> 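I'd like to ask some things about the structure below.
All values derive from a computational prediction rather than experimental measurement. Note on naming: letters A, B, ... go to the chains in the order of the sequence lines (proteins, then strands), and numbering restarts at 1 for each one.
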Amino acid sequence: MLRTHTCGELTAEHVGQEVTLCGWVDTCRDHSGVLFVDLRDRHGRTQIVFGAEGGPESRELARSLRSEFVLAVTGKVAPRPEGTVNPKLRTGEIEVRVTRVEVLNPSLTPPFQPSQRELPGEDLRLKYRYLDLRRPDMQRTLLLRHRMIAIMRDYFDALGFIDVETPILGRSTPEGARDYLVPSRIQQGTFYALPQSPQLYKQILMIAGYDRYVQIARCFRDEDLRADRQPEFTQLDLEMAFVEMDDVMGVIDGLVVRLAKEILGLDVKLPLPRMTYDEAMERFGHDAPDLRFGMELVDLTDLARDCEFRVFRDAAQGGGRVRALNAKGAAERYSRKGIDELTAFVQNDFGAKGLIWFKVDADGKLASPTAKNVAPDILAAIGRRMDAAPGDLLLIVADQFEITCKALYGLRKRLGTELKLFDPRQVHFSWVVEFPMFAWDDEENGWSAMHHPFTSPRKQDREMLKTDPGACRAQAYDLIVNGYEAGGGTIRIHNQPLQQDVFRLLGIDDETAKNRFGFLLDALQYGAPPHGGIALGIDRLVMIFGGLSNIRDCIAFPKTQRATDVMTGAPGEVDAKQLRELGIQITR
RNA sequence: GGGGACGUAGCUCAAUUGGUUAGAGUACUGGACUGUCGAUCCAGUGGUUGCGGGUUCGAGUCCCGUCGUCCUCGCCA
C-alpha cells in the first residue's frame with residue numbers, strides 16, 4: 001500500500017504517529033510561510049501542513065500543487081494549535097505536518113471542481129463523470145446503494161434464496177416494452193434481445209426445483225426516458241415455489257422493514273397499508289398513489305347527472321364521470337392566472353376537456369364564473385360532499401373515467417408538491433393488489449396483459465376468463481413508495497392449459513405461442529410447482545432512500561434522455577467490417 | 001412522435017426587455033501574506049452569446065431552422 005491511513009480516519013488518538021496519506025488536492029491555502037492543503041479521498045478530508053518540518057524544497061513543491069493533483073504525503077500527525085480546530089471536519093482536531101511529499105500524478109485544470117458549491121450542468125457532469133463521482137454527494141449515494149444491495153443479499157441468503165445468473169443474450173418476446181436487439185453473427189439475420197426482465201428464466205428455475213431464487217438483475221427496455229426511468233436498470237428479482245401472494249409480500253415486508261431500519265433508522269409498522277387497484281383508482285386516480293398526503297378524489301357524478309350545467313350533465317349521462325379534489329386553503333394561492341395554468345396542464349398533458357373550479361368564500365358558498373350555471377342546492381351538495389370550508393379551492397374534471405383519473409392524479413401530484421402537503425424526507429410504503437388481468441387495447445382492438453402474460457388470475461375469477469376478461473383480477477401486487485412503483489410481482493400460471501387460454505385471449509395464436517414460448521408451455525407440463533415472485537426497482541429505491549428526485553444521480557454511469565452516454569459516446573457508429581460480418585446494411 | 005424550459009468567460013449566473021466597448025462571483029495566471037479551512041488582499045488573462053440563416057440603421061435579446069441538456073404527454077407486458 002502506498003498509504004498507511006485514509007483521509008477520513010485520523011483523529012486525536014493518532015497524534016504523534018508518522019503516517020502516509022494518498023489523495024487528491026481539494027483546496028490550497030498559501031500563507032507564504034505556511035501552506036495548507038486539504039487532501040481528499042472518498043473517506044474524507046485531512047488538512048496537511050507544509051511548514052518548517054519539510055524544509056524549503058517541499059514548500060517549493062507545495063506551491064506548485066494545483067486542484068486534483070494526486071499526492072502521497074508523509075508526516076507526523078499533530079494536534080492543531082489552540083483555536084484552529086475545525087469542528088466541521090471529522091479529522092478537524094489534527095493535521096499532518098508534511099516531511100515528504102510526492103506528486104503521484106498532476107492534473108489538468110478541471111472543468112469544474114468536485115468541491116465547488118454550484119453544481120455544474122448535468123451534461124458537463126456526465127461528460128466528466130470521474131470528476132463528478134469524486135463529489136461527496138455522489139460518493140454518499142453510491143455508498144448508500146452498496147449498503148442497500150448488501151442488505152438485500154444478506155437478507156435473502158439468510159432466508160435460503162439462491163442467487164442464479166440468467167442470460168443477457170435472450171430471445172425477443174412479443175408484447176411488453178421495445179427490445180434492445182443484438183445481431184447474431186453466426187446466424188445472420190437473427191437477433192438476440194437483451195432481457196426486459198429475467199421473467200421466464202426464473203419461472204424455469206422454479207420448475208427446475210430451485211424453490212427460492214434471487215438475483216440482482218440488469219434489465220433493458222428501449223422506451224423513452226424519464227426522471228425515474230433509464231433504458232438499462234437494475235432489479236432485485238426473486239421467485240419462490242409453493243407460495244401464495246401473502247408469502248411473497250411477506251418476504252418483501254421483512255426486507256422493507258430491515259432496509260428502513262438500517263438505512264433510514266425508521267420503524268416501519270407491519271402490515272403495510274394495502275388497497276386494491278380499483279380502490280386506488282377511485283381514491284387517487286392512479287395505481288401508484290402517493291400516500292404521504294390526503295387530498296383524495298371525490299366522486300360527484302350522481303350530483304352532476306341531473307344538473308342543468310351541461311358540462312356536468314353530459315359527462316355524467318354520457319358514461320363519463322365528474323370527479324373532484326379539494327385543495328384545502330389553496331384559494332388564495334391560485335389566482336385566476338394560476339388556475340388557467342392548471343387548466344392548460346390538464347388539457348395539454350392529459351387530454352381533459354377542461355377544468356371547473358370553485359373557490360369557497362367566507363360564507364362557505366362556492367364561487368366562480370361557473371357558479372351561476374349550477375343550481376344552488378347542487379352547489380351546496382357539492383360543497384358538503386367535498387367538505388368545503390372557506391378558503392378552499394375545489395377542482396373538478398368532467399370527462400371519461402380514464403381522463404378524470406389522469407387529470408386529477410396529475411393535479412393531486414402537482415398540488416401536493418406546490419402546496420407542500422408532505423414532508424419530503426418521509427418514506428411511505430404500501431401495497432396495491434388485485435390488478436385487472438387485462439386492459440382493452442384500442443389500437444390492437446384486443447386485450448393486452450396488464451402485468452405480463454404469465455400472471456395467474458384469482459382462483460375465483462378463472463371462469464370469467466371466457467365470459468368477462470375485463471372483470472378478471474390478477475394475483476398481482478405492486479410495492480408503492482412515495483407515489484413510485486418500486487416493484488411489482490404476481491403469482492404465475494403453473495398449468496399449461498390455463499397458460500394457453502391466456503395466450504389465446506391475448507391474441508397470441510397457438511403457433512406463435514409455440515414459437516415464442518414453446519419451451520415454457522413444454523416445461524409447464526413436466527411438473528411445474530405453483531410459484532410466484534416479484535421484482536423491485538433498485539435504482540428507484542436508492543433514489544427514494546437517498547432523497548433524490550432523479551434516477552441518474554444514483555447510477556454511476558447513466559444515460560441521458562436521448563439514451564446516450566456523453567462520456568463514452570455510446571451509442572456510436574461501427575466499422576463497415578463489423579456490419580459486413582453481421583450481414584447488416586444501414587439504409588438510412 | 002407532441003408540449004414546455006434552458007443554452008452568454010473553464011464553471012455558476014447577470015445584461016434595465018432591440019441600443020455605445022457583453023458584466024459579476026468563482027476558477028485560472030502572477031504577486032503579497034506564518035494558522036488558514038468557502039482564507040484574505042492586489043493585479044491580470046479569459047467571449048464565434050450552442051450552430052446556421054433571416055428581420056433591422058443596430059440582435060445575447062425578435063423570427064425560422066438545427067444541435068444539445070432537462071421536465072412532461074404518448075410509450076414503459
Side-chain angles (χ1 to χ4, degrees), chain A residues 26-39 45-52 59 63 66-68 78 80-89 91-92 95 97 108-128 131 173-179 196-197 199-200 219-231 233 341 344-352 403 406-407 410 413-414 435 437-439 441 443-444 447-455 474 476 485 488 490 502 506 508 535 537 549-550 552 559-562 564 566:
Chain A
D26 198 59
T27 51
C28 295
R29 293 176 294 279
D30 184 355
H31 288 253
S32 181
V34 59
L35 189 150
F36 304 95
V37 169
D38 285 346
L39 199 64
R45 271 188 306 161
T46 302
Q47 172 161 288
I48 59 180
V49 186
F50 294 84
R59 230 174 27 240
R63 207 149 277 149
R66 294 293 179 269
S67 286
E68 302 308 309
R80 292 200 184 184
E82 191 76 29
T84 65
V85 165
N86 185 350
K88 284 189 256 176
L89 231 50
T91 61
E95 60 195 19
R97 302 267 169 84
L108 296 175
T109 300
F112 62 89
Q113 307 214 297
S115 55
Q116 82 182 41
R117 291 197 151 207
E118 309 117 333
L119 205 56
E122 200 169 349
D123 33 356
L124 201 72
R125 289 175 54 204
L126 291 174
K127 179 171 179 191
Y128 297 94
L131 298 179
T173 53
E175 298 207 51
R178 194 175 294 112
D179 283 320
Q196 295 180 28
S197 83
Q199 182 59 36
L200 292 171
C219 304
F220 306 86
R221 294 176 191 177
D222 187 5
E223 297 292 347
D224 285 353
L225 285 76
R226 284 287 189 287
D228 63 347
R229 262 169 29 195
Q230 280 276 301
F233 59 101
E341 280 172 18
F345 172 60
V346 297
Q347 288 173 328
N348 296 335
D349 277 12
F350 308 108
I403 304 248
K406 287 179 179 175
K413 192 168 162 180
R414 176 168 172 166
F435 285 71
M437 280 287 288
F438 310 102
D441 187 337
E443 267 177 48
E444 302 285 330
W447 296 104
S448 65
M450 190 97 170
H451 197 86
H452 59 53
F454 319 107
T455 300
E485 179 195 330
T490 64
V502 170
L506 293 171
I508 305 173
S549 53
N550 176 332
R552 294 180 298 277
K559 302 282 190 288
T560 67
Q561 195 170 43
R562 289 180 64 252
T564 63
V566 289

> Base, sugar-phosphate, or nothing: which does E485(A) touch, judged by heavy atoms less than 4.0 Å apart?
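Since no nucleic acid heavy atom lies under 4.0 Å of E485(A), the category is nothing.
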
> Under 4.0 Å between a side-chain N or O of S67(A) and OP1 or OP2 of A27(B)?
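For A27(B), neither OP1 nor OP2 has a side-chain N or O of S67(A) closer than 4.0 Å.
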
> Using a heavy-atom cut-off of 4.0 Å across all strands, would you classify N348(A) as base, sugar-phosphate, or nothing?
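Nothing, no heavy atom under 4.0 Å.
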
> Students often get this wrong, so: under 4.0 angstrom with heavy atoms, is L35(A) touching a base, only sugar-phosphate, or nothing?
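Since no nucleic acid heavy atom lies under 4.0 Å of L35(A), the category is nothing.
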
> At under 4.0 Å between heavy atoms, what does T84(A) touch on the DNA or RNA strands: base, sugar-phosphate, or nothing?
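The answer is base, as T84(A) lies within the cut-off (heavy atoms under 4.0 Å) of a base atom.
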
> Which value, in whole Å, describes the distance between the C1' atoms of nucleotides A39(B) and A32(B)?
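After rounding to an integer number of Å, I get 14 Å for this pair.
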
> Between Q47(A) and R29(A), do the side chains contain a donor N or O and an acceptor N or O under 3.5 Å apart?
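Yes, Q47(A) and R29(A) have a side-chain donor paired with an acceptor closer than 3.5 Å.
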
> Can you tell me if F112(A) is stacked onto the base of C11(B), using a 5.5 Å centroid cut-off and an angle below 30°?
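Stacking between F112(A) and C11(B): absent.
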
> Please determine, for the side chain of R226(A), which listed nucleotide (C73(B), C37(B), G35(B)) has the closest atom?
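Of the options given, the side chain of R226(A) lies nearest C73(B).
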
> Taking atom P in both C28(B) and G65(B), compute the distance separating them and give it to the nearest angstrom.
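After rounding to an integer number of Å, I get 42 Å for this pair.
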
> Looking at K406(A), I'd like to know whether one of its side-chain N or O atoms comes within less than 4.0 Å of OP1 or OP2 on G74(B).
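Checking G74(B) against K406(A), a side-chain N or O does come within under 4.0 Å of OP1 or OP2.
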
> Pick the P atom in U49(B) and in A59(B), then give their distance to the nearest Å.
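Straight-line distance between the two P atoms is 12 Å.
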
> Does H31(A) lie flat on the base of A39(B), that is, centres under 5.5 Å apart and planes under 30° off?
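Ring-base stacking flag set for H31(A) and A39(B).
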
> Name the nucleic acid region contacted by Q47(A), choosing base, sugar-phosphate or nothing; use a 4.0 angstrom heavy-atom cut-off, strictly under.
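Base, at least one base heavy atom under 4.0 Å.
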
> Scan T91(A) against the nucleic acid and name what it touches under 4.0 Å (heavy atoms): base, sugar-phosphate only, or nothing.
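Result for T91(A) = nothing.
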
> Using atom P of each nucleotide, how far apart are U8(B) and C13(B) to the nearest Å?
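Going atom to atom, P in each nucleotide, I get 9 Å.
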
> May I ask you to verify if any side-chain N or O of R66(A) is less than 4.0 angstrom from the OP1 or OP2 atom of U29(B)?
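Looking at the OP1 and OP2 atoms of U29(B), one of them is under 4.0 Å from a side-chain N or O of R66(A).
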
> Are the side chain of H452(A) and the backbone of F454(A) linked by a donor-acceptor contact shorter than 3.5 Å?
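Yes; at least one donor-acceptor contact below 3.5 Å.
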
> Indicate syn or anti for U69(B), taking the glycosidic torsion and treating anything within 90° of 0 as syn.
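This nucleotide is in anti.
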
> At 4.0 Å (heavy atoms only), tell me whether R80(A) reaches a base, stays on the sugar-phosphate, or touches nothing.
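Here R80(A) touches the bases of the nucleic acid.
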
> As a test of reading the structure: which of G74(B), C75(B), C70(B) is closest to the side chain of E223(A), going by heavy atoms?
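Given the options G74(B), C75(B), C70(B), the side chain of E223(A) is closest to C75(B).
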
